[in-house]
Structures are given as structure tokens and as C-alpha cells.
Participant: 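Before I ask anything, let me first share the structure, which is written out below as C-alpha cells.
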There are 2 protein chains.
Amino acid sequence: MYAFERTNKAKKPIKQRAIESNRQIRIKDIAARAKVSIGTVDRVLHNRGEVAESTRKKILEIVEELNYQPNILASTLASKKSAVFATLMPQPLSEDAYWSKPSKGAQKRIAELRQYGLQMQPFMFNQGDSKSFEKEAQRILELQPDGVALAPFFKKEALRFIDQLNELNIPFVFIDSEIRDAGQLSYIGQDSYQSGLVSGKLLDMILPDGNILVIHFAREMDNQNHLIQREKAFYDWFSQQTGSPHQLFTTDVADTDDPAWEDKITDKIRSHSIKGIFVTNSKVFNVGSLLEKKEINDIKVIGHDLLKENVSYLKKGLVHFLICQRPEEQGYEAINKLFRSVVQKRTIDEKNYTSIDIITKENVDYYKEFK
Amino acid sequence: MYAFERTNKAKKPIKQRAIESNRQIRIKDIAARAKVSIGTVDRVLHNRGEVAESTRKKILEIVEELNYQPNILASTLASKKSAVFATLMPQPLSEDAYWSKPSKGAQKRIAELRQYGLQMQPFMFNQGDSKSFEKEAQRILELQPDGVALAPFFKKEALRFIDQLNELNIPFVFIDSEIRDAGQLSYIGQDSYQSGLVSGKLLDMILPDGNILVIHFAREMDNQNHLIQREKAFYDWFSQQTGSPHQLFTTDVADTDDPAWEDKITDKIRSHSIKGIFVTNSKVFNVGSLLEKKEINDIKVIGHDLLKENVSYLKKGLVHFLICQRPEEQGYEAINKLFRSVVQKRTIDEKNYTSIDIITKENVDYYKEFK
DNA sequence: TTAATTGTCGTGTTCGTACACGGAAAAATT
DNA sequence: AATTTTTCCGTGTACGAACACGACAATTAA
């Protein structure tokens with residue numbers, strides 16, 4: 001809908017005063033002060049064309065003195081710059097699955113920046129198929145975008161891709177997980193180790209006794225480094241507590257399509273007198289549904305990420321804490337970093353750990369990632 | 001520092017392609033389509049001057065059809081609109097005190113919007129003196145700003161102020177606490193009751209036995225409705241648990257300058273076998289320092305807000321949880337709402353509860369309010 | 001001495017919108 | 001029929017920055 005002011009005629013006009021005091025400094029002002037033309041100042045600011053060393057110095061001094069800040073509005077309007085970014089992320093397994101979220105965040109930032117002529121081209125690969133990763137990577141290289149945000153899911157393939165990006169001088173950011181010193185502009189994601197510590201502490205605090213089961217719901221653990229990190233930190237927490245009454249066990253569940261896993265876990269719970277469960281990723285709803293079905297309700301459960309299903313088990317009291325890493329914000333931030341670097345030419349931080357949010361039944365309804 | 005492109009000459013120029021596909025629709029395009037001049041379209045869009053009903057209709061149809069979205073950059077650049085906003089908040093008691101934060105957030109948003117010609121005029125009153133509130137309110141009325149963000153600390157005085165604002169047709173938003181149905185554009189703050197529930201749950205979870213002391217550090221409780229709400233919810237939590245092993249007590253500490261309060265609290269702890277403490281506001285550092293001094297370390301403590309001092313006791317393990325309400329984000333959001341409504345003429349949500357964040361030793365370093 | 005080259009710079013147009021001014025046509029008034 | 005008044009609409013300039021083009025002087029080469 002197109003509305004504008006028609007709806008609120010009554011509003012009084014906005015003030016047109018008091019602005020002289022902090023009037024913006026324009027290129028024009030600098031030119032006047034330096035007694036040169038606008039074109040000359042422009043050349044100095046953007047190192048275009050040639051300028052006599054003396055005038056260049058004079059202009060830079062005045063720029064400094066007057067603290068000139070370019071008007072972004074006018075700048076982007078005039079330059080008509082445009083850029084195409086590509087994202088390379090896993091195909092979400094369902095509508096509400098984890099990987100739909102970073103994508104949404106990226107879309108949001110792109111929508112906000114449409115005025116700046118930004119465009120995005122999403123590429124998605126199959127989580128279980130490194131070949132599809134390579135194929136999509138190849139398509140990105142053909143597109144030759146101005147920036148790439150990728151989840152380096154398959155390390156070997158990602159490294160090869162990155163090499164080519166570097167060669168083509170295309171900047172990129174990592175999202176979710178990271179390869180160190182690969183020439184990335186930035187990394188956006190959680191500190192997996194630290195988040196494992198948080199999980200450990202929380203479960204420890206609310207569990208007077210009984211043993212603990214750590215469950216990885218993942219097809220192959222090879223490319224799931226952050227799950228390993230979380231598990232490691234979780235174990236470390238308990239090994240650092242003196243005289244901890246808990247014993248820890250770990251299980252992998254590769255395939256939840258095969259219902260055999262349910263009995264396997266149920267047996268483990270019974271035989272090891274498990275009183276606490278930590279699921280290392282967003283698949284904790286599986287545990288919720290299992291406990292509900294088997295009517296087990298004396299187990300404390302911690303998992304990750306605010307999927308709809310997870311929230312539902314949180315509200316039912318079958319899951320006690322969800323650790324959240326603001327996936328939408330990660331997508332948003334990834335695009336934002338590319339924008340700031342590529343279009344605005346600003347320098348950006350190399351690391352960007354998102355916060356480790358603790359969500360429980362009572363605060364989940366107030367949790368919003370975005371402003 | 002002024003840098004621009006000088007630093008990264010090597011970067012290749014941004015692409016200038018593929019943009020035709022989603023080319024922006026301009027007023028010019030609409031004018032051409034409708035076979036009228038730009039001026040006419042402009043008059044229709046802004047109901048300026050008069051336009052024949054037939055052409056007006058035609059233009060609106062085309063606008064609809066082409067889904068015209070005005071270019072905000074060009075628009076604000078050309079209009080040179082400007083607005084002055086005023087904030088009315090308590091004077092922070094110290095550099096790092098709670099009330100310095102909403103102010104910082106507001107400043108931040110103002111800085112970002114400088115390009116739009118926005119200005120802010122902060123007014124601060126003495127938390128213990130309703131007269132000073134009235135005085136500052138009067139000064140705001142003299143300024144006649146285009147919008148006001150205020151913390152309605154003193155209800156009676158705030159109501160009188162708001163009446164005058166409404167009369168002058170000046171929009172305003174509440175921050176921190178709220179007066180219902182007073183004509184506000186929006187309310188930005190925490191749901192105090194809910195945050196009290198969160199505190200109750202957390203303390204309950206980590207406390208096997210022993211009694212609990214609720215402390216209000218506040219001069220007068222009359223104007224501290226949200227502290228009351230938090231306390232009420234906290235009590236409600238425990239009364240809803242069947243067979244809770246905890247008994248609750250409440251104390252007010254009006255003045256921490258008088259060191260007598262320390263003994264009073266210490267006595268209470270001893271005589272009531274207190275094992276948990278809940279401080280209803282940001283003054284929990286007082287408890288931290290007390291416990292440290294008296295070398296008491298078997299008490300679980302929950303308080304509010306990430307003041308530097310609070311964080312330091314959190315890290316020492318003397319405070320176990322801090323509930324945070326993102327005060328900077330509140331200030332930021334308050335200005336943002338005013339901007340969106342006053343300058344951009346957009347509609348905005350009436351309520352904006354900030355999230356209830358749970359902070360502990362392990363995740364505090366990763367907690368950032370802002371992107 | 002003239003032509004060609006290089007180093008410096010100014011002018012003019014553009015981006016998409018806002019808004020003032022005034023002109024022309026149509027309607028209403030003498 | 002001549003005039004005033006009203007209705008309707010087009011033109012031109014501004015916002016602040018980006019960038020292309022070419023002017024002019026100072027050098028250098030012929």
C-alpha cells in the first residue's frame with residue numbers, strides 16, 4: 001500500500017530551525033575555504049586525477065579541521081553503486097529448520113539496502129552431499145559476485161572455493177563455523193566452546209544428582225566441529241567441578257527416520273540412570289517428543305536454538321533451557337559486513353561472536369532477535 | 001580520521017550490472033506513463049496543490065500498478081527536513097549508573113540519523129525531587145520539540161506534562177515505565193512482572209533449600225512501580241510451587257550511605273537462615289560487596305542490569321545471575337520510534353517489551369546489546 | 001618558435017525527490 | 001465580449017556528492 005502523508009494531514013509540519021547550529025559541512029565549504037573548486041576537493045578525497053601536492057595538503061588539513069563527514073545520502077544517491085552478494089548455506093530441511101533463519105536475516109538486510117542498489121543471490125547445498133556444495137560454489141564463481149557469505153560446511157571443498165575467491169579478489173565472510181586465517185573479511189557466529197560451558201553450568205546447577213547423557217543428532221560428525229566443541233566444553237565443565245555427583249555419557253544418533261533410535265536412547269536412560277540430557281544442536285525436539293511419548297518427566301533437558309518445535313517442548317516443561325545464538329542476526333550481520341566493506345569501504349571487525357542467550361519458559365515470549 | 005578509498009586502492013570497482021532487472025521506479029516513470037509532468041505526480045503523492053480528479057486517479061493507479069516506492073535517500077536529501085527531539089530521564093547517579101545507558105542508546109541513534117537533520121536535546125531531573133521533574137518538563141514545553149521520550153517517574157507530574165504535550169500535538173513515547181492510555185506513541189521497556197517470574201524460577205532452580213530475602217534498594221518506593229511488580233511476581237512464583245522449601249522475606253534499604261544497613265542485612269541473613277537473595281533493581285553490587293566483606297559465600301544472589309560493578313561480582317561468583325533489559329537498546333528504540341513516526345510518517349507498534357536476558361558468568365563476555 | 005605533452009584545475013551534468021513560481025485554460029462574473 | 005477568478009499543470013532550481021570532459025598553463029620535444 002502506498003500512503004504517505006494523506007493519512008495524517010493534521011500533523012503539524014516539522015520544524016525548520018535550529019539547524020544552522022550544527023549545519024553539515026559540505027564539499028562546497030571545503031572548496032571555498034581552500035579557494036579551489038569542488039572538483040579539486042573531490043579528486044583529493046577520492047584520489048582521482050592529479051592534484052598539486054600543496055593544494056592536496058591544504059585541502060586535507062581543512063577536511064581535518066572542519067571534521068568533514070560525507071553525506072551518505074547524497075553520496076550513494078549520486079554514485080549509483082550497486083553490488084551483488086551471494087550466500088552459500090545449507091538447504092533448510094524444512095520450513096522452520098535452523099538454516100532457514102540465517103537466510104531470513106540476510107534477506108531482511110538486503111531489503112533494507114535495496115535503495116543502495118544491493119542485490120542478493122542465495123545458493124543452497126545439500127547438507128549431506130559435498131558434491132552439491134562444490135556445484136553451487138562453481139555457480140557462484142560464474143556469477144562473479146561482489147561478496148560472498150558462506151557456511152564452510154565441508155572444509156576441504158570450502159578451502160578450494162576460497163582459494164578461487166581470493167584469486168578473483170572477491171571478499172567473503174564465514175557464517176556459523178569458521179576456517180582460521182583463510183583471508184575472510186570476518187567471522188560471524190557463536191563461540192561453540194563457551195556455549196558448551198554455559199550448557200554445562202546450567203545443567204549442573206539445576207541437577208542435584210543423577211547422570212547426564214550428551215546426544216549428537218547428526219549424520220556425519222566429521223564436518224560438525226562446533227558440536228564437538230560444545231561437547232568438549234560440556235565435559236570440561238564437569239571435570240573442573242570437584243566432587244561432581246554426575247557421570248557423563250555420549251551417544252550419536254545418525255538417523256531419526258529409523259525409529260530404532262528411540263529405544264536405544266530409552267535403554268540408555270534406564271541403564272545409566274540418566275537425569276539430565278544435553279543435545280548439542282537444534283534437534284532437541286526429538287528428545288522432547290521421546291520423553292513425552294514414554295512419559296518420562298524427571299529428566300532435565302538442555303538444547304539449542306528456538307525452533308518452533310523446541311519452543312513448544314520448552315513451554316510444556318519437557319525442555320528446560322534452550323541456548324540460542326541468534327541465527328537471523330547472523331545472516332543479517334553477514335550481509336551488513338559485506339555491505340560496509342564493499343560498498344561503504346569501511347573497515348570491519350574480524351570476529352563477531354554472537355551472544356549466548358539463555359532461554360527458558362518464562363522469557364521465551366519476550367525474546368526477539370531484532371529491533 | 002578521514003580515510004575513504006585511499007586505503008584500499010587495489011579493490012576492484014563495484015559491478016554496474018544486473019541492476020536493470022530490478023531498476024527502481026521513479027516519479028519520472030510514473031509521469032511518463034500518465035503523460036503528465038513530474039510536478040503533477042508530486043502533487044498527487046503529497047496532496048499538495050490541486051489536481052483534476054481524473055488525472056489523480058490515473059496516477060494513483062499507475063503508482064499502484066508499478067508498485068512505486070519512493071527513494072528515501074533522495075527524498076530526505078531533497079526535503080532537508082529536520083526535527084528536534086527531547087528526552088526527559090533521571091540524572092544518572094554516577095558515570096556507570098543505570099540511567100546513563102538509555103541516554104547512550106538515544107545518543108547513538110541520533111548520531112546515526114544526523115544525516116537526516118535530527119537533533120536531540122536531553123533533559124535530566126533529580127530522581128528524588130519531583131519539582132525538578134516539573135521544571136525540566138516546563139523547559140521542554142518552551143523548546144517545543146517535535147517529539148519527546150520520557151520516563152514517567154512521577155506519575156502526577158508526568159500526567160500534567162503529557163496533557164500539555166497532547167495539547168501542543170507533540171508526540172511522545174514512554175521509556176522504562178508506563179502510564180496506560182495516555183496518548184503515547186509507544187512504550188518501550190520491560191514487562192516487570194514477567195521478569196520477576198524469571199528471577200523466581202532461576203533462584204528456585206538453583207536453591208535446594210534455605211530461605212530467601214528480597215531487597216529493594218530505593219529511596220522511596222512510591223514511584224517504583226516496577227520494583228513492586230518484580231517483587232509480586234517473585235512471590236507469586238514460589239506460592240505457585242507446591243511444597244516449596246523456601247520462605248520469603250522482604251526488606252527495604254533506603255540509604256546505603258548510612259553503613260547501618262549492612263548490619264541490618266547481615267542480621268537478617270543469620271536469623272532467618274537466608275540462602276538466596278533477590279535484589280529488585282540494579283543495586284545488587286551492594287549485596288556483592290557486603291557478602292565479600294563478611295566472607296559469606298553460601299548464598300545465591302540474583303539482581304538486575306549489567307553495571308560494571310555488578311559484572312565484577314558476577315565474575316567473582318558472588319552474584320549468580322543478572323537479569324538484563326537492554327537499557328541502551330531502549331534509548332535507541334525510543335528515538336527510533338519517534339523518528340519513524342515523526343519524520344518517516346510510518347505507523348509503529350504501541351508496545352515494545354524488551355527481552356528479558358539471563359546473564360551469568362559464562363556468557364557475560366559475549367553479551368552485546370547492539371549489533 | 002611552434003607543436004605536443006603533461007600537470008592542474010574548473011564546469012557542467014547526473015542521481016531521484018521536494019517545492020516554489022507562475023502560465024494557460026476553463027469557469028464564473030461583470 | 002471583456003474581465004476576473006478558479007482550476008489545473010509544467011518548468012526550474014535545490015539538496016550534496018560523483019564523475020566525465022575538457023580548458024588552460026607550464027613543460028618538454030620538435
Side-chain angles (χ1 to χ4, degrees), chain A residues 2 4-5 13-14 16 19-20 22-32 34-59 63 66 68-82 114-117 343-345, chain B residues 2 4-6 13-14 16 19-20 22-59 63 66 68-82 114-117 343-345:
Chain A
Y2 184 84
F4 278 126
E5 281 135 77
I14 299 176
Q16 202 76 36
I19 308 308
E20 299 73 25
N22 76 337
R23 176 138 202 77
Q24 210 188 351
I25 289 152
R26 299 150 301 174
I27 286 191
K28 214 171 151 186
D29 301 325
I30 296 171
K35 287 173 192 160
V36 293
S37 76
I38 293 181
T40 308
V41 177
D42 178 82
R43 268 185 292 269
V44 171
L45 294 182
H46 297 85
N47 321 18
R48 255 192 273 279
E50 324 206 21
V51 179
E53 192 51 34
S54 60
T55 57
R56 142 179 237 104
K57 236 193 200 152
K58 185 162 45 159
I59 287 172
V63 161
L66 266 48
Y68 167 71
Q69 303 281 130
N71 184 320
I72 304 179
L73 301 181
S75 172
T76 53
L77 178 62
S79 65
K80 290 254 61 193
K81 270 179 201 145
S82 78
R114 215 182 46 88
Q115 306 267 5
Y116 292 82
V343 178
Q344 301 197 320
K345 313 274 185 201
Chain B
Y2 186 84
F4 279 123
E5 281 134 81
R6 225 171 315 140
I14 300 178
Q16 203 77 34
I19 309 306
E20 298 75 23
N22 77 337
R23 175 134 203 79
Q24 208 187 351
I25 288 150
R26 299 150 299 174
I27 285 190
K28 214 170 150 186
D29 301 325
I30 297 172
R33 198 71 125 62
K35 288 174 191 158
V36 293
S37 76
I38 293 182
T40 307
V41 177
D42 178 82
R43 266 184 294 268
V44 171
L45 294 181
H46 297 85
N47 326 12
R48 251 193 275 280
E50 327 209 14
V51 179
E53 191 51 34
S54 60
T55 57
R56 144 181 234 102
K57 235 189 199 156
K58 183 163 45 160
I59 289 172
V63 160
L66 266 49
Y68 167 71
Q69 302 281 130
N71 184 319
I72 304 180
L73 300 180
S75 172
T76 53
L77 176 62
S79 66
K80 287 255 66 190
K81 270 181 200 139
S82 77
R114 215 180 48 87
Q115 307 266 7
Y116 292 82
V343 178
Q344 302 197 319
K345 313 271 184 202

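This one's a predicted model, so the numbers in the text were calculated from it and none came from an experiment.
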Participant: Using whole Å, what does the distance between atom C1' of nucleotide C:dG16 and atom CD of B:Q69 come to?
Facilitator: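 Between C1' of C:dG16 and CD of B:Q69: 14 Å.
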Participant: Given atom NZ of A:K58 and atom P of C:dC9, what is their separation to the nearest angstrom?
Facilitator: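 The distance from NZ of A:K58 to P of C:dC9 comes to 9 Å, rounded to the nearest Å.
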Participant: Please give, in whole Å, the distance from C:dG16 P to B:N71 CG?
Facilitator: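 These atoms are roughly 7 Å apart.
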Participant: Report the distance from atom CD1 of B:I25 to atom P of C:dC15, rounded to the nearest whole Å.
Facilitator: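 Atom-to-atom, B:I25 to C:dC15, this comes out as 16 Å.
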Participant: How large an angle, rounded to 10°, do the end axes of the helix from C:dT1-D:dA30 to C:dA27-D:dT4 enclose when each is built from five base pairs?
Facilitator: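 Comparing the first five pairs with the last five, the axes sit 70° apart.
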Participant: D:dC15 C1' sits how many Å from B:L77 CG, rounded?
Facilitator: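 Distance, rounded to whole Å: 4 Å.
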Participant: Is any side-chain N or O of A:Y68 closer than 4.0 Å to OP1 or OP2 of D:dA17?
Facilitator: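 For D:dA17, OP1 or OP2 has a side-chain N or O of A:Y68 closer than 4.0 Å.
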Participant: So, OP1 or OP2 of D:dA18: does either fall under 4.0 Å of a side-chain N or O from A:S75?
Facilitator: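 So the side chain of A:S75 is within the cut-off, an N or O lying under 4.0 Å from OP1 or OP2 of D:dA18.
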Participant: When the distance from CG of B:D42 to P of C:dG16 is rounded to whole Å, what number comes out?
Facilitator: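 Taking CG of B:D42 and P of C:dG16, I get 16 Å after rounding.
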Participant: Reckon B:R48 has a side-chain N or O less than 4.0 Å from the OP1 or OP2 of C:dA18?
Facilitator: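 So the side chain of B:R48 is outside the cut-off, no N or O lying under 4.0 Å from OP1 or OP2 of C:dA18.
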Participant: Under the rule for side-chain hydrogen bond (donor to acceptor under 3.5 Å, both in side chains), what residues qualify as partners of B:T40, not counting sequence neighbours?
Facilitator: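 Only B:S37 meet the side-chain hydrogen bond (donor to acceptor under 3.5 Å, both in side chains) criterion with B:T40.
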Participant: Any donor and acceptor pair, going by atom type alone, linking the side chain of A:S75 with main-chain N or O of A:N71 inside 3.5 Å?
Facilitator: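 No: the side chain of A:S75 does not pair with the backbone of A:N71.
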Participant: A:A78: which residues meet the side chain to side chain contact (heavy atoms under 4.5 Å, CB included) condition with it, sequence neighbours left out?
Facilitator: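 Partners of A:A78 under the side chain to side chain contact (heavy atoms under 4.5 Å, CB included) test: none.
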Participant: Return the set of residues passing side chain to side chain contact (heavy atoms under 4.5 Å, CB included) with B:I38 (not counting sequence neighbours), or none when no residue passes.
Facilitator: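 Expected list: B:I27, B:K28, B:A31.
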Participant: With salt bridge (charged side-chain N to carboxylate O under 4.0 Å, His left out) as the rule and sequence neighbours excluded, what pairs involving residues 35-46 of chain A come up?
Facilitator: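 Matches after skipping sequence neighbours: A:D42-A:R48.
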Participant: Rounded to whole Å, how long is the line connecting atom CG of B:L73 with atom P of C:dC15?
Facilitator: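 Taking CG of B:L73 and P of C:dC15, I get 15 Å after rounding.
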Participant: Distances under 3.5 Å between protein N/O atoms and the N/O atoms of nucleotides 4-9 of chain D, please, pair by pair.
Facilitator:
unit_1: D:dC9; atom_1: OP2; unit_2: B:A52; atom_2: N; d: 2.9
unit_1: D:dC9; atom_1: OP2; unit_2: B:T55; atom_2: OG1; d: 3.1

Participant: B:A32: what forms a side chain to side chain contact (heavy atoms under 4.5 Å, CB included) with it, not counting sequence neighbours?
Facilitator: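 Partners of B:A32 by the side chain to side chain contact (heavy atoms under 4.5 Å, CB included) criterion come out as none, since no residue qualifies.
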Participant: Pick base, sugar-phosphate or nothing for B:I27, based on heavy-atom distances below 4.0 Å to the nucleic acid.
Facilitator: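 Sugar-phosphate only.
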Participant: Can you find a heavy atom in the side chain of A:I72 that is under 4.5 Å from one in the side chain of A:Y116?
Facilitator: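 Contact flag for A:I72/A:Y116 side chains = yes.
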Participant: Using salt bridge (Lys or Arg N to Asp or Glu O under 4.0 Å) as the criterion, list what pairs up with B:R33, not counting sequence neighbours.
Facilitator: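 With neighbours one apart ignored, the set is B:E65.
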Participant: Could you check which of C:dC15, C:dC19, D:dC15 has an atom nearest any side-chain atom of B:S79?
Facilitator: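 Shortest atom-to-atom distance from the side chain points to C:dC19.
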Participant: So, using side chain to side chain contact (heavy atoms under 4.5 Å, CB included) as the criterion, who are the partners of A:T55 when residues are at least two apart?
Facilitator: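 Residues passing side chain to side chain contact (heavy atoms under 4.5 Å, CB included) with A:T55: A:V51, A:A52.
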Participant: According to a strict under-4.0 Å criterion, is B:H46 in side-chain N/O contact with OP1 or OP2 of C:dA18?
Facilitator: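 Affirmative; the distance criterion is met.
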Participant: Output the rounded distance in Å from CD1 (A:I38) to C1' (C:dT13).
Facilitator: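 For the pair A:I38 CD1 and C:dT13 C1', the rounded distance is 13 Å.
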